[in-house]
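Down below is the structure, laid out as structure tokens.
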Amino acid sequence: MTTLITNIGELTTNAGAVPDAVGRAAPDATDFVPDAADLCGTLHNAAVLVEGTHIAWVGPADATPEIPGGYEHVDAAGAAVIPGFVDSHSHIVFAGDRATEFEARMAGEPYAAGGIRSTVAATRAASDEQLRHRMRTLAAELYAQGTTTIEIKSGYGLTVADEERIVRIAREITPEVTFLGAHVVPEEYADRPDAYVDLVTGAMLDACAPHSRWIDVFCETGAFTTEQTRRILTAGINHGLTPRLHAAQLGPTDAIPMAIELGAASIDHATHLSDSDIAALAASETVVTLLPGVEFSTRQTYPNARHLIDAGITIALACDTNPGTSYTTSMPLCIALAVREMGMTVSEAIWAATAGGARALRRTDIGIVTPGARADIVLLRAPSRTHLAYRPGVPLVDAVWRAGSRVR
Ligand code: NIG
Ligand code: FE
């Protein structure tokens, strides 16, 4: 399938310079490169050619290359185009909901990690087909709102068989699967948490590693200690998985240096970082993934993204779709919150939701609109990406291509 999108008023490439076309030269387009200082690599009056699953050419709208054979022509009519969102943190394989808990929280109850157990009970009772159906429904919501890459974590099964089926079902729709058997200590192990850690690092990891790319732990008061976390992440590494971490969501932690030492791709939540955590993260390859849907839905303090970015930390934005702390699938909402509540500029928030997510997943083929990248493209019903934050709550995603196929 070949698709030519022309008449793009504002194209976000996330590339400081668009390299020459792969396979096709862009006539007279040598000057058509974004300003290197522009984080979003913006081009105006642009066109994008998609061949098969990848982007073949990016250039000026008035100098599109010869295209032999049939192709679909999309006239963007001056609207904005951005890379598909890369949502690097979700928990979309579960059953039940926790609307009652949300309602109580809005009436003043605090959030506590223990709420996870009620979703665990519902998930254990659900069939594979029920879990698959809910996951696919939520994935469809994500795609319809411009997300083209989804990471999915386990963590609502907490038995060998339930965790194995969650990662196996997640793997049906994404290679970005994270084993989170250490989400919380399940009820049946409440008085012997270290025996549960033995299970996670033993039979559960053996069953889940073949379906997973990543290993994660909820390292927090009420979940797992830093020492338990080190054990679990190290076991995962020994099974070929790469660590990422839920940390500093509910309070300060001493886990950050350990996570960096173990090569964590990302620290997620990261609301309560110390100055030395921030300095260590800035000097590391570890991304910080911020999840503003969580603060919105738990009434907790938003992390100070401005401070983290100014310190030199790479930020990703993700929805953290889950029934407890953030039951949204809307990256545009998270962008609007990041701009309004966390001190990010519009460009920083859009970059974090696309290229930043790709960094958090250690991917170089997504989160960008350049020749050779996967054709993950979102056409907005708006003249600029700024409208995503400027018009919160308005459905501005007009068309979505995922690996070259129209998914909306
Ligand atoms: O990312 N923080 C831990 N895990 C989820 C919440 C899980 C739940 O409350 O069900 C999160 O916020
Ligand atoms: Fe999470």
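One-based numbering along the sequence shown. The figures here come from the full heavy-atom set of this structure, side chains too, leaving out hydrogens, waters and symmetry mates. Counting convention: from 1, in listed order, for ligands and their atoms alike.
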- Electrostatic pair Arg359-Glu285, nearest N-O below 4.0 angstrom: no
- May I ask you to identify the nearest protein heavy atom to atom 9 (O) of ligand 1, giving residue, atom name and distance to one decimal place in Å? Tyr111 OH, 2.5 Å
- Task: For the Fe ion (ligand 2), decide whether His91 has an N, O or S atom at a distance under 2.8 Å.
- Result: yes
- Message: If I take atom NE2 from residue His246 and atom NE2 from residue His91, how far apart are they, to the nearest 0.5 angstrom?
- Response: 3.5 Å
- Message: Is there a polar contact, in the sense of an N or O pair closer than 3.5 Å, between His269 and ligand 1?
- Response: yes
- protein heavy-atom neighbour closest to atom 7 (C) of ligand 1 works out as Tyr156 OH, 3.2 Å
- Item | contact_flag Thr119 ligand 1 heavy-atom lt 4.0 Å | no
- Task: Answer with yes or no whether the side chains of Thr42 and Arg385 bring together a donor and an acceptor at under 3.5 Å.
- Result: yes
- Task: Pull out every atom of ligand 1 sitting under 4.0 Å from any heavy atom of His89, numbered as shown with elements.
- Result: 1 (O)
- Item | NE2 (His246) - the Fe ion (ligand 2) - NE2 (His89) angle, nearest 10° | 90°
- Honestly, is Arg105 close enough over Phe102, meaning NZ or CZ under 6.0 Å from the six-membered ring centre and within 45° of the axis? no
- Query: Counting heavy atoms only, which of Asp320, Thr298, Val184, Asp216 comes nearest to atom 11 (C) of ligand 1?
  - Reply: Asp320
- Looking at the Fe ion (ligand 2), which N/O/S atom of Asp320 is the nearest one? OD1
- Message: Which residue and atom name correspond to the protein heavy atom nearest atom 4 (N) of ligand 1, and how close is it?
- Response: His183 NE2, 2.8 Å
- Could a heavy atom of Glu220 be found less than 4.0 Å from some atom of ligand 1? no
- Message: Suppose I only count heavy atoms of Thr325 and a 4.0 Å limit; which atoms of ligand 1 are within that range?
- Response: 6 (C), 9 (O), 11 (C), 12 (O)
- Message: Is it the case that the side chains of Thr298 and Gln300 hold a donor-acceptor pair, with the cut-off being a distance below 3.5 Å and no angle test?
- Response: yes
- Item | pair Val58-Leu11: side-chain heavy atoms closer than 4.5 Å | yes
- Item | Ion pair check, Arg168 and Glu164, cut-off under 4.0 Å | yes
- Above 12 or not: heavy atoms from other molecules or residues under 6.0 Å from CZ of Arg391? no
- Message: Can you name the atoms of ligand 1, numbered from 1 with element, that are less than 4.0 Å from a heavy atom of Gln249?
- Response: 2 (N), 3 (C), 12 (O)
- Indicate whether the side chain of Thr149 and that of Arg374 have a donor and an acceptor atom separated by less than 3.5 Å. yes
